[in-house]
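A short write-up of the structure that comes next.
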Amino acid sequence: MWRRLNRGDLEGSNPLLADEEFPRPWPVRWRVYEDYEILPAPDGSDWRYIQAMGRNGGGQPKCVHSYNPLIDTPYLFLEFARITERRDPFRALLDWFERYGLLGMTEETRMEDREHWKGMNFPQVRHDDRGGPADRIEVIWELAHQYNESLVLYEAVLSRDEGKLEHALFPEHELEYAEVRRHGLEEKAEASGASWTDVLVNSALHQVIEYASGDLYIYAYPHIVYPDEEFFTVEGLTRGWGARNLLGAMGLQFYWLITSAGELAHCQHCGRIISYAPPIPSGENRRTRKPRTDKKFCDDRCRQNYHYHNRIKPDKNSEQC
């Protein structure tokens with residue numbers, strides 16, 4: 001059965017949503033602005049970039065809302081990866097920006113740009129959510145296709161679908177590379193005695209890990225979380241994660257997804273990851289009840305389908321015999 005990942009898979013693998021009480025604020029706050037504009041390259045080249053309207057003078061960009069992408073939108077990676085599958089991908093990309101904000105590839109003013117910090121290297125904790133010259137449309141499109149490729153490849157791994165795996169690993173537009181890669185994997189299968197499916201899954205997982213690691217290394221970082229109190233103790237310190245931009249947030253979400261498949265329960269009917277995360281609260285209510293941890297099905301529909309195909313239908317067939 002083909003495994004098409006959904007929001008529940010991303011929510012279920014997010015460790016920040018695992019506690020009964022809604023997690024304390026993480027150091028990530030991303031702003032969405034009222035309007036965005038696409039501008040030509042400053043040097044006259046043929047590339048374009050996107051930024052919030054008013055970024056270059058003429059008043060400050062108008063922020064319409066802000067959110068924590070690691071907690072409020074645990075499915076951000078999935079939504080971005082599906083953009084290239086839409087009927088009108090460019091319109092879908094613009095809609096995504098209007099809903100979640102820009103990727104944040106343009107850095108804010110760095111400390112080493114100041115004269116007295118020259119020669120010292122400081123990581124950029126936060127990137128600019130207003131966009132700028134580094135938020136190039138062409139690069140964003142490449143990232144969207146890469147995210148989709150990694151998502152489809154991981155779905156093929158979960159499904160163990162030979163056809164989908166071969167299509168992803170041996171691209172038709174790179175015939176020479178595809179043939180060399182196929183030959184190498186065939187030799188590996190013969191030498192190891194492993195099945196062709198196992199060899200394909202192993203190769204695909206290596207590629208998925210490579211995709212997942214890039215943004216994670218660059219745009220995410222470990223963070224020490226401390227209670228919002230005037231005086232706190234050592235016991236109050238906990239571990240957490242931070243993201244420099246939306247690429248870091250999505251990198252963490254994909255990382256959590258691919259490293260949690262062995263720890264999470266799967267629906268007995270459709271095989272999807274069962275989400276134990278509490279529903280994302282709205283308004284002032286920040287406390288929600290966690291779903292039961294002994295769930296065997298995604299929802300009532302899967303439970304009913306499983307019961308029909310495994311209980312009712314076999315009984316009917318036996319009666320006919």
Side-chain angles (χ1 to χ4, degrees), residues 27-70 72-73 75-115 117 122-151 211 214-221 242-254:
V28 186
R29 205 73 198 167
W30 204 252
R31 293 170 293 188
V32 179
Y33 296 93
E34 185 176 46
D35 203 3
Y36 297 95
E37 57 184 347
I38 298 177
L39 300 173
D43 61 0
S45 304
D46 58 357
W47 55 269
R48 301 168 299 161
Y49 68 96
I50 187 168
Q51 66 179 24
M53 190 76 76
R55 176 77 169 84
N56 296 335
Q60 289 295 319
K62 182 179 179 181
C63 174
V64 291
H65 72 90
S66 64
Y67 68 103
N68 184 329
L70 294 180
D72 298 330
T73 54
Y75 43 78
L76 202 62
F77 166 81
L78 185 70
E79 302 287 298
F80 187 72
R82 296 287 190 212
I83 286 175
T84 59
E85 300 175 3
R86 302 290 184 84
R87 179 174 298 179
D88 186 348
F90 188 71
R91 181 67 257 175
L93 179 65
L94 296 180
D95 290 343
W96 194 92
F97 289 148
E98 291 176 1
R99 185 172 185 180
Y100 301 118
L102 301 181
L103 296 182
M105 299 164 70
T106 301
E107 296 185 358
E108 292 184 336
T109 302
R110 299 178 62 90
M111 293 183 69
E112 59 263 37
D113 291 336
R114 304 173 190 174
E115 188 62 33
W117 292 114
F122 290 90
Q124 183 75 349
V125 174
R126 176 186 168 89
H127 285 217
D128 203 325
D129 53 21
R130 298 171 297 174
D135 287 74
R136 294 172 56 170
I137 295 296
E138 292 78 10
V139 175
I140 293 171
W141 271 122
E142 290 180 11
L143 289 170
H145 283 283
Q146 179 180 308
Y147 274 49
N148 182 260
E149 184 178 345
S150 62
L151 175 64
Y211 280 146
D215 292 339
L216 191 67
Y217 292 157
I218 302 172
Y219 301 118
Y221 58 92
R244 309 185 197 284
N245 56 17
L246 292 191
L247 291 174
M250 292 189 289
L252 280 170
Q253 290 170 4
F254 192 41

Just verifying a value: how many Å separate [X] [atom1] and [Y] [atom2], rounded to the nearest 0.5 Å?
X      : Y      : atom1 : atom2 : answer
Trp141 : Ile137 : CH2   : CD1   : 8.5 Å
Asp215 : Leu143 : CG    : CG    : 6.5 Å
Arg99  : Tyr67  : CZ    : OH    : 10.0 Å
Tyr211 : Gln146 : OH    : CD    : 5.5 Å
Thr106 : His127 : OG1   : NE2   : 9.0 Å
Leu93  : Trp96  : CG    : CH2   : 8.0 Å

Q) Among Lys62, Glu37, Arg130, which residue meets the side-chain contact (heavy atoms from CB on, under 4.5 Å) test with Met53? A)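 Option passing the side-chain contact (heavy atoms from CB on, under 4.5 Å) with Met53: Glu37.
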Main-chain N/O of [Y] paired with [X] side-chain donor or acceptor, under 3.5 Å:
X      : Y      : answer
Asn245 : Gly104 : yes
Asp129 : Arg31  : yes
Glu85  : Asn148 : no
Gln253 : Leu76  : yes

Q) side-chain contact (heavy atoms from CB on, under 4.5 Å) between Arg86 and Arg91: does it pass, once the steps are laid out? A) CA-CA 9 Å; Arg86 302 290 184 84; Arg91 181 67 257 175; over 6 Å; no
Q) What pairs of residues pass the salt bridge (Lys or Arg N to Asp or Glu O under 4.0 Å) test when at least one of them lies in residues 39-53, not counting sequence neighbours? A) Arg48-Glu138
Can you confirm whether [X] sits close enough to [Y] that some side-chain heavy atom of one is under 4.5 Å from a side-chain heavy atom of the other?
X      : Y      : value
Trp30  : Thr73  : no
Arg29  : Asn68  : yes
Arg244 : Tyr221 : yes
Leu151 : Phe77  : yes
Phe80  : Leu103 : yes
Met105 : Tyr49  : no
Tyr147 : Ile83  : no
Ile50  : Ile140 : yes

Nearest heavy atoms of [X] and [Y], plus distance in Å:
X      : Y      : value
Tyr33  : Pro61  : CD2-CB, 3.5 Å
Ala52  : Leu102 : N-CD1, 4.2 Å
Ala243 : Ala249 : CB-N, 3.4 Å

Q. Quick one: do the Tyr36 and Asp135 side chains pair a donor with an acceptor below 3.5 Å?
A. no
